[in-house]
Amino acid sequence: MSIHLMVVAAYLPKSVVNSTQKLVLMKICDSADEETRIARPGLERMMAWSGVNEKRATTVVTELVELGLVQRITVGRAGRRAEYCVFPLGVPPIPTTEMLVERRREAREGPKNERLARPGVRRAKPDAAACTHEDVAARKAARADLEGEAEPGLPEGNPAGVDDGVILHPDDHDSPGGRRSWMGMSVTASA
């Protein structure tokens, strides 16, 4: 049992491992020998620690092998546990408090979802929560003032005299019998 390796695994950032991977890695570290870093955790215990099923637990171990955090020494068989080497590329250092504060500051300033973030776009800070009915009324008045001003861009709706050919309601057109042409097809309005 290696407390040191478990602590190292616990401090890995979210950018390296997700929570399920961290729990499985911590279980492997828990059963690892302090000197050799070789572990035989057993699938049942990994499933119990991480709260996932058998298939997901083996997938997570494969993901950890892919990340280079775990190396499979022997593959498990019925009645025989798999053998792993934890941190085969070297044990990372335990971060200091300053490093953790810096990591948290960067995460707070960065986008919530890196994959969906657009580069160079800075969002405005959201307004403070409205505390009274006067706050709500002041915001509605400010919004009404902004909506009253014409902004450059496309005008709302279609230009005057242009028909888009879409029937929203049978009474919305002047043709007899409710027939209208839309994209070259004759369309009959139904009530």
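As the structure is a prediction and not an experimental result, all values here were calculated from the model. For the single chain, residues carry numbers from 1 onward in sequence order.
Note: the hydrophobic cluster containing Val8 also contains Ile3 (ILVMFWY, side chain heavy atoms under 4.5 Å, direct or indirect links). In the hydrophobic clustering of this structure, Tyr84 does not group with Leu23; members are Ile, Leu, Val, Met, Phe, Trp, Tyr whose side-chain heavy atoms approach within less than 4.5 Å, directly or through other members. Hydrophobic clustering (side-chain heavy atoms under 4.5 Å, transitive across Ile, Leu, Val, Met, Phe, Trp, Tyr) groups Met47 together with Val65. Cluster membership for Val101 and Met99, using ILVMFWY side-chain heavy atoms within less than 4.5 angstrom, is not shared. In the hydrophobic clustering of ILVMFWY residues, with side-chain heavy atoms under 4.5 Å counting as a link, Leu43 and Val70 come out together.
For the pair Leu69 and Leu12, the minimum side-chain heavy-atom distance is below 4.5 Å.
Of all heavy-atom pairs between Lys22 and Ala10, the closest is NZ-O, 3.0 Å. Contact between Arg103 and Tyr11 at its shortest, heavy atoms only, is NH1-O, 2.8 Å. Heavy-atom minimum distance, Ala57 versus Val52: N-CG2, 3.8 Å. Looking at every heavy atom in both residues, Asp33 comes nearest to Leu5 through O-CD1, 4.4 Å. Among all heavy-atom pairs drawn from Val86 and Cys29, the shortest one is CG1-SG, 3.3 Å. Listed here is the closest heavy atom pair of Pro88 and Gly68: CD-O, 3.5 Å.
Qualifying side-chain hydrogen bond (donor to acceptor under 3.5 Å, both in side chains) partners for Glu63, counting only residues two or more places apart in sequence or in other chains: Gln21, Arg56. Residues passing the side-chain hydrogen bond (donor to acceptor under 3.5 Å, both in side chains) test with Glu102 are Arg105, sequence neighbours excluded. The side chain to side chain contact (heavy atoms under 4.5 Å, CB included) test applied to Ser19 returns no partner, not counting sequence neighbours.
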(Q) Before you tell me yes or no, could you show the steps for Met46 and Ile28 under side-chain contact (heavy atoms from CB on, under 4.5 Å), namely the whole-Å CA-CA distance, both residues' side-chain angles and the distance that decides it to 0.1 Å? (A) CA-CA 8 Å; Met46 283 191 287; Ile28 295 172; 3.9 Å; yes
Practice problem: Would you please test Val24 and Trp49 for side-chain contact (heavy atoms from CB on, under 4.5 Å) and show each step? | Solution: CA-CA 7 Å; Val24 171; Trp49 268 56; over 6 Å; no
Exercise. In sequence, state the C-alpha distance, the side-chain angles, and the governing distance for Val91 and His4, and then conclude on side-chain contact (heavy atoms from CB on, under 4.5 Å).
Key: CA-CA 10 Å; Val91 180; His4 177 73; 4.2 Å; yes
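The structure places OG of Ser50 at 13.0 Å from CZ of Arg45, a figure rounded to the nearest 0.5 Å. A distance of 8.0 Å separates CD of Glu106 from CD of Glu109, quoted to the nearest 0.5 Å. Taken from CG in Leu100 to CD1 in Ile94, the straight-line distance is 10.5 Å, to the nearest 0.5 Å.
Each of Arg40, Arg72, Arg37 was scored for a salt bridge (Lys or Arg N to Asp or Glu O under 4.0 Å) with Glu83, with one residue passing: Arg40.
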